[in-house]
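Contents: one structure, followed by commentary.
Keep in mind that what you see is a predicted model, and the values were worked out from it rather than measured. Letters A, B, ... are given to chains in the order of the sequence lines, protein chains preceding strands, and every chain is numbered from 1.
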Number of protein chains: 2
Amino acid sequence: MNYTEAKSKFINTWGSLGTLWGINKAMAQIQSLLFISAEPLSMEEIMEELKISRGNTSMNLRQLIDWGIVSKEFKAGERKEYFTTEKDVQELARIIAKERSRRELQPTIKVLKEVSNITPDGTNETDEFIKQTKAMCELTETADSLLNKMANQQQNWITKSILKIFS
Amino acid sequence: MNYTEAKSKFINTWGSLGTLWGINKAMAQIQSLLFISAEPLSMEEIMEELKISRGNTSMNLRQLIDWGIVSKEFKAGERKEYFTTEKDVQELARIIAKERSRRELQPTIKVLKEVSNITPDGTNETDEFIKQTKAMCELTETADSLLNKMANQQQNWITKSILKIFS
DNA sequence: TTAAAGTTTCAATAATTACTGAAACTTTAA
DNA sequence: TTAAAGTTTCAGTAATTATTGAAACTTTAA
């Protein structure tokens, strides 16, 4: 396999895996293109490389910036904006974990707490409902705290590395 | 909030969270209905409760069975099939973790290994590509082994509980 | 056997989600 | 200022994904 083949295979695979971390295909593809690119890319270059429209590129770049995964960069003496993604996979994982927790897990926990809090009326139905939704709530809370612990773990790992450099 | 409200809120919330663990809305809704139900339900009952067609119910039940989350049950003297889901959240989490690993993480790891294995031609481009895809591969492998460890951890937890009962 | 009860399949269609392209907007250098 | 360079927005459309419903199939009891 040569570079060009490998590159498009990587972008496609990572793109379709986007669902795993809750983002759409174009967004994931832009991110992966930036991830393997040695230099920051302009919007033109991204459009050209992925064969997607200007509008689509603009909207998805904005979302990526919103997630904190991509950032704008300015080249001296150039008006154009250039984009780069976080290049450290550990840090990338940390950001994604945090965002997913905030966007999905936390709201779910809130609803689970609400619904598991109905007053039992003595029927089997409500007893089972309360029992099961409580269990689900605890599981979700465990998953959430695990995710956050992992994220902070990675932060510590980075922090440690930085400290090592300066010690 | 009364039982009926709480019930539909739970089914909807869990349904839309389906994407988080990679299954579609109807599938997630059927699973959550079974999860809070004190008794196994027939196809008729599921259709009625969720207002979905027979075909849709049948197909999604099959997928749930395929995932190992739902099982058929027969009531003595009845021809109809009844369905139940795994009621233990820990075991549920374990099954989901395993399936996601098998269906998504493993194939991705395979591709990442492939593409990161191209021969460097001395250019910046390929060097960066190899470096970054290798890092991504390692991250994915870490995530996968973590997921599996968690899953087995939970199995051990269950095993321990069972052992406790019989000791 | 057969017909009633139940289940599965799949082509057609609906619903959802993503994408385009062109117009409107913003910024900047002269 | 102004016009060129660049970016954003969004209504319309395309692509994808989920759902229906009816016909085909399977099982079982009489």
### Query
Ion pair present between A:R94 and A:E86, side-chain N to carboxylate O less than 4.0 angstrom?
no

### Task
Could you check how far CE of A:M27 sits from C1' of C:dC19, rounded to whole Å?
16 Å

### Task
Figure out the CD1/P separation between A:I23 and C:dT17, and round it to whole Å.
16 Å

### Query
Hey, quick one: are B:I95 and B:L64 part of the same hydrophobic cluster, counting side-chain heavy atoms closer than 4.5 Å, chains of contacts allowed?
yes

### Message
Test of understanding: clusters of I, L, V, M, F, W, Y form through side-chain heavy atoms closer than 4.5 Å, transitively. Do A:L33 and A:Y3 belong to the same one?
### Response
yes

### Query
So, do A:F35 and B:T133 sit near enough that their side-chain heavy atoms are less than 4.5 Å apart?
no

### Task
Extract, from 5' to 3' on DNA chain D, the first and final nucleotides lying under 4.0 angstrom from some heavy atom of chain A.
D:dA4 to D:dC10

Shortest non-hydrogen contact from [X] to [Y]?
| X | Y | result |
| --- | --- | --- |
| A:E114 | B:M1 | O-CE, 3.8 Å |
| B:I130 | B:S116 | CG2-O, 3.8 Å |
| A:T126 | A:P120 | OG1-CA, 4.2 Å |

### Task
Name all stems that contain residues of DNA chain C, defined as runs of 3 or more consecutive Watson-Crick or G-U wobble pairs, both distances under 3.5 Å.
C:1-30 with D:1-30

### Message
Give the residues of residues 45-59 of chain B touching DNA chain C, defined as any heavy atom closer than 4.0 Å, sorted by residue number.
### Response
B:R54, B:G55, B:S58, B:M59

### Query
Does B:T140 use its side chain to pair, donor to acceptor, with the backbone of B:M136 at less than 3.5 Å?
yes

### Query
Just by modelled atom types, is the B:K87 backbone N or O under 3.5 Å from a matching donor or acceptor in the A:Q132 side chain?
yes

## Note on the structure
CD1 of A:I118 to CZ of B:F10, rounded to nearest 0.5 Å, is 11.5 Å

### Query
How do A:R79 and A:K25 order along DNA chain C: which one's closest nucleotide is nearer the 5' end?
A:K25

